[in-house]
Every structure is written in structure tokens, then in C-alpha cells.
Amino acid sequence: MFNVIFPNRYFRYWNCYPGARVDTKVPAYQFTGTETWKGWNWKELFPGREHIMDYFRHVGNVWNLYPDIQFESRVSNASWDDVDNRWTISVDSKGSHSSTLQASFLVLCTGFASQPYIPEYPDFEIYRGDCYHTARWPQSGVDWKGKRVGIIGTGASGVQATQAMNRDASHLTVFQRTPNLALPMLNPNMSDKENSELKEAMPNLTKVIQTSHAGFVYNMLPEATSSVSESDRLKTYERLISTGGLEFWLGNYSDMLLSKEANDLAYKFYHDKTSPRIKDPKLAELLLPKTPPHPFGTKRVSLEQDYFEAFERPNVRLVSLTNNPIERFVPTGIQTKDGETHELDLIVLATGFDSVSGGITRINVEGTSGSIKDKWSKGISTQLGLSAHGFPNMFFTYGPQAPTAFATGPATAELQGDWIISCLQHMKTHGLHRIEAEKDAEQAWRDHVIDVGDQGLFPEAKSWYFGDNIPGKPREALNYMAGMPEYRRRLWKSAGEKYSGFQLS
Ligand code: NA7
């Protein structure tokens, strides 16, 4: 179907933990340009890691990106020169000395989940077994068969690793701090016929993706929970949950994430439908408590295939950390507060990321008056989630104060990418060399992002959406939660006003 220009090793990198899979349904996790999808066939509705890597390799070839990419290179520093209007960027490349290069513009496409978070457990270093974060899983793989495995964390990565590892581990212990109110995935293979039908539908689906709230092919329903009869509501719930995917979360009634009453009704349905899959009532109460641990959907909902059933296996044990946290690591495993030592050969840290902002702040980016890390140490401020005052000619994508974790990656990348390209073209056409976010505009955007984030039920949960998972990180809405259409409108309004909110010279 396409020529592989670069060898595979460049494409087998982060997040190669067992079970890694996309939980956005085809076709929302793909670019909309015809040239990217016309020669591509999906194998499954929710592609596994290897297949999604194949897809992005395909896109890289179609767009002929590889001649312009320097692989195996880590940017450690970037500093702005206000006299020459350019960035000096330090790059550490594998197998060679570090190098520096100059650039007029710097665009950070560092992703929202690229800085792994490892909790500071006492005596972490004395553990003698193997221990890996899911995001930094060894490239050569890890053999867990017949081993005593412990997984810390029950987010999307923990759920997927649990599903992949429970059968072959001699014993699997899952340490759960917060139950994952996961929805069923249902992941059929995609036939050639279905791929052909999808291609025929793509022109229309593209319009839907580009106008929907989160870049999916569906939106929240227009009606409120309270406006429909009980029987209609139950039928709708049934339809949404049996579709498989995130629809029961992001395609539910309009008030599901705004009103406690609406949310409770949705949770009750989900709970009553899902908990019978767990036969042991004590286990069921730990995995899916009758009273929700937080309003349903206010923490990232994961998708599962046979996650709940895994805990029925005799070799799988759930350890709830709610009243019994991890006390310390010991040479042979993990000790919990009750004094029990959990003997483990392999520990999987599915403990998440310094999300949304961490990919940017871990690079030492020095602007006109200090680093981005210092600037954001007490709270994030950006102009339109694209750029920051004090950092001229620098943009970032899929980062803070943009829809990011509330929209699909491709939809966000296309919108922000188009905007940045149009901005650079504008500057070129008008002989402009410098663009910087205005301080006042930045403050107004920050206020707006926080105001939107404070609405509805999301602030009621402790979650990485608000930075709660990282000790010392200021608590604030890290994402712009008003939806892609409103974000799109604001971006192009600024562009239409010759990039209002930015100073160009
Ligand atoms: P997440 O969603 O941040 O999940 C991390 C998990 O680790 C979560 O269950 C946390 O519990 C748990 N955690 C974090 N710190 C600790 C400590 N100190 N002790 C015990 N448990 C802990 O990361 P994922 O990698 O699963 O998913 C990241 C996103 O990437 C995913 O949602 C997709 O959007 C892509 P908590 O819930 O905070 O109580």
C-alpha cells in the first residue's frame, strides 16, 4: 500500500506496554485529508498500538514528512534571542554529541501525556525486581509469563495492562486508588467491505468531525435528562452503552455532566448494568461502588473489554488503597499500610503523567524574561492555548488551555496546525518577523478557561484534568472545556482580526 522509507525501530517507542490500544473509535482517530484515508484500511474499530503506529507511518509517507524529521533527538533547551529574533535550540542526539540549531519559529508538539509521573514511594530504590512505567516500557518487551506482577494505577493504561497480563501472570495484584468506571469497548474487526463503506462516508463524516464538540462523529444529545420520560431515558441509555465506546459518556443527555441528578441517573443505570458482571459482591463494591466515587465521567472514562471479569480469576487480586495505601517498597515487593507485603517479580507503574503542561515544562525553554516552567509555576497562562507572553515566535499544540484532553488528537492538530500555518503565511506576506501573545489577552484567556472549567461537575473530581495528580501542581482547569466549535470560532476570529491578542512586528 505504501513504501516504508524508515525502518521500524524509529516507530517503536513510548507507550509500548502490554495491551496499549486507542479508545477513540474509527474514524475519529485519523486525519481528515482525503490523501491520508483513501489508501488506508483499518483492521479494528479501536486500533491496537501496532496498527495505529502503522497508520501514522502511513501518514508520514503520504505527506512525505520523513526527509524533514530528525529522529532519536531530544530537545533539552531552547532560548530566545530578542536581538536577532530567533530561537537557539539544543538537541541531544543518540550516539552523537549534542548540537545546536537556530530557528525563527519554535512549535512544541510535545503531546499532553508525554511526561510520566512516578509517585515518590519510600524505599522505591531498594526493590530488587523489575519495575517499569507503562509509558517507558522497554522497547524489547518484558516477559511477565509465570511471574508475580503488580500493577499500580487503574487509569486507561492500568485497565489495558490488567486485561493483557492477567492470564499469563502466575499472580496479578492490581493496586487501585480510585475505581475506573470503565465503559464496554466492543471491538469488532473491520472487513474490507466496512472499510469501503467508511471511505464512501468520509466526506460527510469529515464535516461532522470538524463541527462536533470533541472531534467525534457524535455529540451530547440536545435534550436534558429531565425532559424525557423514564422509559425513553432507559432506552437511550441502553442504546448508548450497547454501542460500545465513549458514547455513554460523551453522547449522553446534555445535562449529564452538569447536573448531579442527571449524573446520578446515568451512573445508576451504568452501575446496575455493569456490576452483575462481577459475581463477588465485595469485589463488585470495590470495583463499581453503589455510590459513585466521583460524578460519572468527571475523571477520564476508560474503555474495557474483559476488565471486570479479570478479577474473578483465582490468580488476580484487587487491593484497594482507599484505607490501606502503599506504605513503602521492600526488596521483594510492596508493603501496604496494613503491614502486608505483596511479593512481586515485576511492578507496572500505570501511574499516569504530568498531563497537559508537563511535556512543555520539562524542556528548559527560556523566553524574554525567564523559563516557561517558572512562568507557569503558580498557574498557566496562554493566549488561545497556542502561545505564551514572553515567548515570541513560539507556539504549542495539544497542550494547556486548548481542548486537548477534551478532543481527539487529530481534530485538534488539524485545527491548531491550520491556524499556525495561516499565521506564518500572514507574517511572511506582510514582512513580519516577530509575534508575541499580549499579556492582557493572555489574562483574559486564562480567566475564560478557568471560568468554563468551573462550570458543571468536573471540578468535583480529583483528576489530572485539574492537575490534582501531581503534588504541588496548582489546581486549575488545564484544558479549554467549551468544545471544539467555540475554540475554532475564537481562533479564526483572532486570525480574521489580523491575529488580535498577539503583537506582530
Ligand atoms: P491516568 O489516567 O492518570 O491513571 C493513573 C492511575 O494511577 C490512576 O488510577 C491513579 O489513581 C493512579 N495513581 C497515581 N498516583 C498514584 C499513587 N501515588 N498511588 C496509587 N495510585 C496512583 O494515566 P493513564 O496512563 O492510565 O492514562 C493517561 C491518559 O492517556 C488516558 O486517559 C488517555 O487519555 C491517554 P487516581 O485516579 O489518581 O486515584
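We count ligands from 1, going down the list as the structure has it; atoms in each ligand are counted the same way.
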Heavy-atom closest pair, residues A461 and K299: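 Heavy-atom minimum between the residues: CB-CG, 4.0 Å.
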
For ligand 1, note which part of T154 has a heavy atom under 4.0 Å away: side chain, backbone, both or neither.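 It is both parts that get close, each with some atom under 4.0 Å.
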
Got the closest protein heavy atom to [atom], with its distance?
| atom | result |
| --- | --- |
| atom 24 (P) of ligand 1 | S157 OG, 3.3 Å |
| atom 2 (O) of ligand 1 | W464 NE1, 3.2 Å |
| atom 19 (N) of ligand 1 | Y121 OH, 2.9 Å |
| atom 38 (O) of ligand 1 | R177 NH2, 2.9 Å |
| atom 12 (C) of ligand 1 | G153 CA, 3.7 Å |
| atom 39 (O) of ligand 1 | T178 OG1, 2.5 Å |
| atom 4 (O) of ligand 1 | G155 CA, 3.5 Å |
| atom 7 (O) of ligand 1 | A350 O, 3.1 Å |

Parallel, tilted or perpendicular: which one describes the rings of [X] and [Y], with boundaries at 30° and 60°?
| X | Y | result |
| --- | --- | --- |
| F71 | Y66 | tilted |
| Y487 | Y480 | tilted |
| Y270 | F296 | tilted |

Look at ligand 1 and say whether K299 reaches it with a heavy atom at a distance under 4.0 Å. yes

Does ligand 1 have any atom that is closer than 4.0 Å to a heavy atom of I326? no

For the ring pair W376 and F396, is the centre-to-centre distance below 6.0 Å? yes

Can you figure out which of G352, A461, P119 has its heavy atom closest to atom 18 (N) of ligand 1?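 Going through G352, A461, P119 one by one, P119 has the nearest heavy atom to atom 18 (N) of ligand 1.
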
Under 4.0 Å from a heavy atom of [X]: which atoms of ligand 1 are those, numbered in the order shown and with their elements?
| X | answer |
| --- | --- |
| A156 | 26 (O), 31 (C) |
| L321 | 20 (C) |
| I152 | 20 (C), 21 (N) |
| F112 | 34 (O) |

Ligand 1 and R300, any nitrogen or oxygen pair closer than 3.5 angstrom?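 Such a contact does occur with ligand 1.
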
N/O of A113 under 3.5 Å from N/O of ligand 1, yes or no?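 Between A113 and ligand 1 (N or O atoms, distance only) the closest approach is not under 3.5 Å.
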
Side chains of W40 and Q30: do they bring a donor and an acceptor to under 3.5 Å? no

Quick one: do the T236 and Y253 side chains pair a donor with an acceptor below 3.5 Å? yes

Among K147, R148, H171, which residue meets the side-chain hydrogen bond (donor to acceptor under 3.5 Å, both in side chains) test with D345? R148

Only one of Q115, K473, R362 clears side-chain hydrogen bond (donor to acceptor under 3.5 Å, both in side chains) with D354; which?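 Going through the options one by one, the only one that passes is K473.
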
Is there a side chain to side chain contact (heavy atoms under 4.5 Å, CB included) between K273 and Y237? Walk through the geometry before answering. CA-CA 10 Å; K273 173 108 187 152; Y237 284 163; over 6 Å; no

Applying side-chain hydrogen bond (donor to acceptor under 3.5 Å, both in side chains) to Q160 and Y17, what does each step give before you reach the verdict? CA-CA 9 Å; Q160 293 180 340; Y17 63 90; 2.6 Å; yes

